[in-house]
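One structure is given below, encoded as structure tokens.
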Amino acid sequence: MTNSASPIIELDFTDWSDPARFPEKQDEWTTAVENGQVLYFPHLAFQLSPPEQALLRENVLKSGARNVSLGGDGVLKHAAGAPDEQKLLAGMIGRYRQSVLTLIDGLFPHYRGALRVAPTSFRPKEVETRVQSVHADDRRMHFDAFATRPTYGERILRIFTNLNPSGVPRVWRVGEPFETVAKRYLPQIPPYSPIKAKLLNAVGGTKSVRSEYDHLMFNLHNLMKEDEQYQQNGTVATQPFPPGCVWVCYADGAAHGVASGQYMMEQTLHLAPGRELHPESSPLAILTRLVGHPLAGAGSAQTL
Ligand code: SIN
Ligand code: FE
């Protein structure tokens with residue numbers, strides 16, 4: 001394992017169920033991921049069968065879509081192929097979800113009963129040639145924040161695997177700690193207006209009323225992506241993730257941007273607010289300390 005100050009921590013497991021055998025390490029892993037470090041498993045491969053290998057093509061995706069996704073209900077979205085191919089795709093993505101759930105249960109048993117499983121995605125597009133607006137461009141360093149789906153402090157834990165069949169790594173840039181970046185941009189964020197948040201929701205701009213926490217996260221995400229100087233200078237580490245590996249991070253607490261790559265699967269798990277091992281190092285707790293008043297966090301946005 002590399003030292004704990006590094007933004008990337010390497011763990012040498014080869015089987016998704018391995019971490020469960022090291023209960024004495026689980027608090028250390030949980031602390032690291034909550035600190036914004038990326039857990040990197042260089043030898044944890046997600047194996048594809050030969051027919052599944054044939055799914056590694058951009059045109060499995062419906063034109064105009066960004067990712068194929070598989071919901072918890074088993075429904076596959078944005079896939080272009082014939083029913084047989086869609087079945088194969090759903091099987092592959094569903095198996096990834098199961099592997100991830102095994103891994104996460106072994107790594108972070110503290111989260112048992114507090115995780116909500118989001119849809120699983122397969123991302124066949126080449127990062128370098130994707131055309132997107134500044135705010136949608138994940139090549140730019142950012143913390144994840146959803147424009148239309150407020151989280152009220154619920155965390156965004158993400159588990160990635162590179163499936164590239166030609167040895168091409170997915171290259172990430174990883175940045176400074178959440179608090180350092182948040183301090184830089186907070187003075188530029190306009191004050192929160194509950195009235196505006198309600199109006200935005202009334203016209204369908206959000207799926208529920210944006211809380212003050214979500215207002216801060218949304219603006220932080222946008223200001224980081226807009227800032228050319230930060231984009232040039234904000235990188236602490238550049239990490240190639242080769243095919244046959246897995247990496248795990250809190251995408252709302254670890255500054256990241258993807259420089260290049262193609263063919264990845266991703267699973268998001270949402271942790272209930274305050275259910276961290278160290279809730280005091282969450283973005284919600286850090287932003288609350290920095291602004292000096294309680295933020296509309298867990299559940300309170302409903303009553304604004
Ligand atoms: C992200 O920014 O959340 C996705 C990064 C990637 O596509 O590798
Ligand atoms: Fe992201």
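Numbering starts at 1 and runs along the sequence shown.
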### Query
Under 3.5 Å, side chain of T151 to main-chain N/O of G153, donor-acceptor pair present?
yes
### Query
Any Lys/Arg nitrogen of R66 or D138 sitting under 4.0 Å from an Asp/Glu carboxylate oxygen of the other?
yes
### Message
Can you see whether S208 engages N201 through a side-chain donor-acceptor pair at a distance of less than 3.5 angstrom?
### Response
no
### Message
Does D84, at its CG atom, have more than 12 non-hydrogen atoms belonging to other residues, nucleotides or ligands within less than 6.0 Å?
### Response
no
### Task
Examine the side chains of E126 and T129 and answer whether a donor and an acceptor come within less than 3.5 Å of each other.
yes
### Task
Start with the C-alpha distance between R130 and D137, add both sets of side-chain angles, then the distance that settles salt bridge (charged side-chain N to carboxylate O under 4.0 Å, His left out), and finish with yes or no.
CA-CA 9 Å; R130 239 165 26 185; D137 189 352; 5.5 Å; no
### Query
Between H78 and N67, is any side-chain donor less than 3.5 angstrom from a side-chain acceptor?
no
### Task
Report yes or no: does Q86 contribute a side-chain atom to a donor-acceptor pair with the main-chain N or O of G81 at less than 3.5 Å?
yes
### Query
If two hydrophobic side chains count as joined below 4.5 Å and joins carry through other members, does F218 share a cluster with V181?
no
### Query
Is it true that E52 and R95 have a side-chain N and a carboxylate O under 4.0 angstrom from each other?
yes
### Task
Could you check whether the rings of Y263 and F122 sit parallel, tilted or perpendicular, using 30° and 60° as the cut-offs?
parallel
#### Entry: Reported CG-to-CZ distance for the pair L284 and R289, which is rounded to 0.5 angstrom
10.0 Å
### Query
Does a donor on one side chain sit under 3.5 Å from an acceptor on the other, for D144 and H142?
yes
### Any donor-acceptor pair under 3.5 Å from S211 side chain to D214 backbone
yes
### Message
Tell me whether E154 is salt-bridged to R149, with the criterion being a basic N under 4.0 Å from an acidic carboxylate O.
### Response
no
### Query
Are E34 and S281 close enough that a side-chain donor and a side-chain acceptor fall under 3.5 Å?
no
### Task
Answer with yes or no whether the side chains of R158 and T268 bring together a donor and an acceptor at under 3.5 Å.
yes
### Message
Go through it in stages, so that I can follow the logic: the residues are E176 and K183, the test is salt bridge (charged side-chain N to carboxylate O under 4.0 Å, His left out), and I'd like the CA-CA distance, side-chain angles, deciding distance and then a yes or no.
### Response
CA-CA 11 Å; E176 298 155 304; K183 271 186 181 152; over 6 Å; no
### Message
Is the terminal nitrogen or CZ of R170 (NZ for Lys, CZ for Arg) located under 6.0 angstrom from the six-membered ring centre of F241 and within 45° of that ring's axis?
### Response
no
### Query
Do E226 and H135 meet the criterion of a side-chain donor-acceptor pair at a distance under 3.5 Å?
yes
### Query
So, do L103 and P19 sit near enough that their side-chain heavy atoms are less than 4.5 Å apart?
yes
### Task
Keeping the roles fixed (side chain from E128, backbone from S260), state whether a donor-acceptor pair exists under 3.5 Å.
no
### Query
Does S282 use its side chain to pair, donor to acceptor, with the backbone of A285 at less than 3.5 Å?
yes
### Summary
Besides L199, the hydrophobic cluster formed by Ile, Leu, Val, Met, Phe, Trp and Tyr side chains linked at under 4.5 Å, directly or via other members, contains I195
### Query
If you group Ile, Leu, Val, Met, Phe, Trp and Tyr whenever their side-chain heavy atoms sit less than 4.5 Å apart, what else falls in with I156?
F146
#### Entry: Transitive ILVMFWY side-chain link L277 to L271, under 4.5 Å
no
### Query
For I286, does its backbone N or O pair with a side-chain atom of E179 as donor and acceptor, under 3.5 Å?
no
### Query
Would F41 and W247 count as a side chain to side chain contact (heavy atoms under 4.5 Å, CB included) if you check the C-alpha gap in whole Å, the side-chain angles of each, and the deciding distance to 0.1 Å?
CA-CA 6 Å; F41 303 85; W247 64 107; 5.8 Å; no
### Message
Tell me whether M141 shares a hydrophobic cluster with V171, the cluster being built from Ile, Leu, Val, Met, Phe, Trp, Tyr side chains joined at under 4.5 Å.
### Response
no
### Query
Do the charged groups of E58 and K125 touch, with an N to O distance under 4.0 Å?
no
### Residue among F13, Y40, Y111 satisfying ring-ring contact (aromatic ring centres under 6.0 Å, His included) with W29
F13
### Message
When you compare the side chain of T31 with that of H278, does any pair of heavy atoms fall below 4.5 Å?
### Response
yes
### Query
Would I8 and Q37 satisfy side chain to side chain contact (heavy atoms under 4.5 Å, CB included), going step by step from the backbone distance to the final call?
CA-CA 6 Å; I8 317 274; Q37 290 169 296; over 6 Å; no
### Task
Verify, without hydrogens or angle tests, whether H215 (side chain) and Y213 (backbone) share a donor-acceptor contact under 3.5 angstrom.
no
### Query
Does Y250 reach the side chain of F143, with side-chain heavy atoms less than 4.5 Å apart?
no
### Message
Would the distance check show the side chain of R184 and the main-chain N or O of Y230 forming a donor-acceptor pair, the cut-off being under 3.5 Å?
### Response
no
